[in-house]
Each structure stands twice: as structure tokens, then as C-alpha cells.
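Everything on this sheet refers to the single structure shown next.
All of these numbers come straight from a predicted model, not from anything done at the bench. Note that the numbering runs from 1 along the sequence shown for the chain.
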Amino acid sequence: MQHLDQSPKDTEFVQNPYPFYDRARASGPFFYWTDYAMVCATSHTGVSAILRDRRFGREIPAPLQRPVPPHLAPFYAVEAHSMLELEPPRHTRLRRLVLRAFTSRRIAALTPEITQLCHDLIDAVPTGPFDLLTTFAQRLPVTIIARLLGVPEDRWRDLMVWSNAMVGMYVAARTRAAEDAAVAATIAFTTFLRAHIDARRTAPADDLITHLIEAEESGDRLTTDEMISTCILLLNAGHEATVHAIGNAAKLLLQSGVRPDAHPIAATVEELLRLDPPLHMFTRYAYEPVEVLGHRFQPGDQVALLLASANRDPDIFSDPAALRPNRAPAQNLAFGGGLHFCVGAPLARLEMELALPVLFNRLPNLRLTGQPAYADTYHFHGLSHLMVRAD
């Protein structure tokens, strides 16, 4: 297995990690990333196999678990109830109850509201150059998730600040300052949600918090702590991923000249997600001895699944660096796969399918006014700004 060095903080890598992925993938289905001290899967076949193999999982095996540092206790108290970090049977129970509230019908019913919000945001864009990320890509998903949960949407700035601080715990080479900010955000977010959950217990409404309270199966219900973790997960994962997905997609469309209404929009969105996904790395632990594509994992081994590398695997996608909205269907891995497939993926896809055509139809002269720049937030991959003008 080849050992490769690549700092995730390197400027060139932050702006364009794909040449490194190409080099890593060419060395075989796995390589050892020395900066992470971890084996990484690069191919579509390998990443897909591990995502779906129940011999791998998200929970840290007991022999590797370490005491939580006291200053991080509030953050990990929330993580302890997060579907993202759990395996069956707890994961199965939580996901089943959440999906009873977060139904496909409830998501589809948001279509008129999402469409109207897109128009409202475009009505408010300034004349001259503006940042499409802050005026549109950020505002849309955080407002929709606030409305969906039933919390005051005028708190969207707080929600966004808390979300950004909390996901800082997953960014490469995090600092103590980032940890302290994440803990402060966790405490504020938890206090905010606990008050709204308590209020909905006595005054139900037609919102997701109420439906999470009412979700029941064989007498089992979500606890308040489980609901808080679920709401935070939906906002953090949904908001961060969808903001980056919309921003990255708009950038690709503006650079390529492809119109989102030139092809079926669902296929276009899938291709945009494949080409520049918002999440690039997801990790798993091996729970027993298992061999994948010639590599032998031992219990406790951690493996990084490079979703963005798998999405550009030339064995699966011809001319993988090209934007082809009419590309023959093949499963992209932007939202993961298997047991932990993103529960918010249907909402993210709906927002993109509605937002991109409205944006480009309402602003037909939209164009870049500067070089788009990605934020130094690996293993997330999203823009720090996207300066445009619409004339």
C-alpha cells in the first residue's frame, strides 16, 4: 500500500483536492494518508462496499474509547444521542422514530414554500456585485429548516452561528479555541431547543418538533435529549451540506455555462453533487477481521472513505472531471450510503432542484465577478464566498 503525504490545510489542496485524489486512486483502492495516520478508500467500489458492510461502523470500539475531556463534555453529551454516531440497535430505533416524523410527504409539501422563499431572496439581492453564498445559498436552507422545526426563523443568524461552530469539531487540525466555540454553541443550541420542545409538549403545532414528540412505535418515543440531538443533527448536517451543495453547484454552472433547465433537473442536481460534493471524507471502524479488495482490516482499524474521490472514479464515470447533466445514471456517493445514508438527502435534493432553476431563470445574466474561493474546512468542501453580479 502506498503512503502519501498531503496536508489538508495546504492552500492548493483546499482549493482543488481532486488532483491528489486522482494520484491516490491511481495507486490502488487503498492508500495510507500519513497526515491522518489512516488507511483511506479511494475507489467507488471500495467506498461503496465499506459503506454497506455491517462489519464496519461509526461507533468507536470499546477498547479504543477514551474518557471525554471535561471541557468537551457538553458537546459529546449531544453526540451520544446522534444517529450519525450510533449503530444498531440504538441507531435503528432512532432512525425509525425520526422517519415517522420526517416523512417524504412532509418534505414534498414544502415545495411551494421553498419556491416562494427562493423568489423572496432573489427579490432582495443588491445591485452590483454581491456574495451569492450569504444572500442566497446560506439563507435558503437555514430558513427552511427553522420553519420545518417550528422555531422562529428570525433566529436564523443564531442557528447558523451555532451550526458553524459545532461542525468546527470535524474540521482538520481543530484548535482549542474552535473546541471552546463548539461547546458554547452546543450549550446555547441545547438551551434554545429544550425550551421549544417543552413549549410544544403543552402547545402542539404542525411542525417537526411536534411530530418528533408524537412519533411512536410500539409504545416507544424519543426522549427530550434524543430530540435535541436529532434537531441539531438535522440543522448542522442539513444546513452545512446544503449550503455547500448549492454554492458549489452554482459555481459549477456559472463556470461551465450550463443552464439548470437545459436538462431534467433531478439528473443535473445528481451530476453537480457527484462532481463537487459538500462532504469529502467519512470514517468507519472495523468491528471484526474483514478483507476488502485485497486489504485486511483488523478489529479497531479506522478507515477514511473519500466520497469525493469515489465520485470521480473513472472506472464508474467516463470523463469524470466533466460536468455532464445527461450522464448515464450511476450512484454518486455525496450523501453516503448504507445504514447511515443521509436522512436529510431528500430535503437537500428538493431544495437544489427548486432553487437552481429559479435562480438562473430570475437572474439570466448572473455571472462571476471574481475567483471563487473554498474555505479551509476539510473534510467539508464549500466556498468561503461566491461573488457575482446579475445586472
Side-chain angles (χ1 to χ4, degrees), residues 4-24 31 33-38 40 42 72 75 84 129-139 141-142 157 159-186 235-252 254-255 272-273 275-283 304-312 321 334 336 348 368-388:
L4 297 176
D5 300 322
Q6 176 59 67
S7 169
K9 308 292 286 183
D10 177 75
T11 300
E12 289 188 11
F13 176 83
V14 168
Q15 297 306 316
N16 184 11
Y18 296 104
F20 173 69
Y21 295 154
D22 292 342
R23 181 160 60 98
F31 77 100
W33 196 339
T34 56
D35 301 79
Y36 281 98
M38 196 184 311
C40 300
T42 60
L72 294 178
F75 178 85
L84 186 65
F130 63 95
D131 187 352
L132 188 64
L133 208 64
T134 57
T135 59
F136 188 80
Q138 289 179 352
R139 290 290 304 276
V142 73
R157 291 186 188 276
L159 297 175
M160 195 167 64
V161 168
W162 295 335
S163 174
N164 289 339
M166 290 187 72
V167 299
M169 289 290 289
Y170 305 106
V171 171
R174 73 184 190 223
T175 63
R176 174 59 188 262
E179 292 179 345
D180 291 343
V183 168
T186 302
L235 181 72
N236 289 357
H239 163 235
E240 291 293 325
T242 310
V243 168
H244 295 333
I246 293 173
N248 295 357
K251 166 188 171 287
L252 289 171
L254 289 167
Q255 289 178 328
L272 292 165
L273 287 167
L275 191 57
D276 202 21
L279 177 66
H280 279 209
M281 178 193 286
F282 209 37
T283 57
L305 309 179
L306 300 185
L307 307 177
S309 173
N311 274 356
R312 293 199 182 194
L368 295 170
T369 62
Q371 180 65 30
Y374 288 93
D376 180 11
T377 54
Y378 196 81
H379 45 90
F380 296 104
H381 184 66
L383 296 162
S384 60
H385 60 266
L386 184 60
M387 296 306 298
V388 299

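Rounded to the nearest 0.5 angstrom, S7 OG and F20 CZ are separated by 10.5 Å. To the nearest 0.5 Å, atom NE2 of residue H280 and atom CG of residue N311 are 8.5 Å apart. Rounding to the nearest 0.5 Å places OG1 of T134 at 12.0 Å from CG of L383. Rounding to the nearest 0.5 Å places OG1 of T369 at 9.0 Å from CG of D131. One finds the CG atom of L254 at 7.5 Å from the CG atom of L132 (value rounded to the nearest 0.5 Å). To the nearest 0.5 angstrom, F136 atom CZ is 11.5 Å from R139 atom CZ.
Considering every non-hydrogen atom in both M169 and A182, the closest pair reads CG-CB, 3.5 Å. Scanning all heavy atoms of the two residues, the minimum distance from A373 to Q15 falls at CA-OE1, 3.5 Å. Contact record, D376 with P8: OD1-O, 4.0 Å, taken as the closest heavy-atom pair. The two residues L133 and H385 come nearest to each other via the heavy atoms CD2-N, 4.0 Å. Here the closest heavy-atom approach between residue A137 and residue V243 is recorded as O-CG2, 3.5 Å. Taking every heavy atom of both residues into account, S163 and L235 meet most closely at OG-O, 4.2 Å.
At distances below 3.5 Å, at least one donor-acceptor pair connects side-chain atoms of N248 with backbone N or O atoms of D276. Here the side chain of H244 pairs no donor or acceptor atom with the backbone of P278 at under 3.5 angstrom. A side-chain donor-acceptor contact under 3.5 Å links S309 to the backbone of T42. Side-chain atoms of D35 come within 3.5 Å of backbone N or O of Q6 as a donor-acceptor pair. For the pair Y18 (side chain) and L275 (backbone), a donor-acceptor distance under 3.5 Å is present. No side-chain donor-acceptor contact under 3.5 Å links R312 to the backbone of A321. Remark: side-chain polar atoms of T34 are paired, donor with acceptor, to backbone N or O of L4 under 3.5 angstrom.
For the residue pair N236 / Y170, no side-chain donor-acceptor distance below 3.5 Å is found, with atom types taken as modelled.
Side-chain contact between E12 and P19 is absent, with no heavy atoms from C-beta onward closer than 4.5 Å. Put simply, the side chain of N164 reaches to within 4.5 Å of the side chain of E240, judged on heavy atoms. Considering only heavy atoms from C-beta on, K9 stays 4.5 Å or farther from V14 through its side chain.
Using a 30° and 60° split on the angle between ring planes, Y36 and Y378 fall in the tilted class, from 30° to 60°.
When the shell of 6.0 Å around CZ of R157 is examined, it contains 12 or fewer heavy atoms from other residues, nucleotides or ligands.
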Item to complete: Determine, stepwise, if the pair M38 / T283 fulfils side chain to side chain contact (heavy atoms under 4.5 Å, CB included).
Response: CA-CA 10 Å; M38 196 184 311; T283 57; 4.0 Å; yes
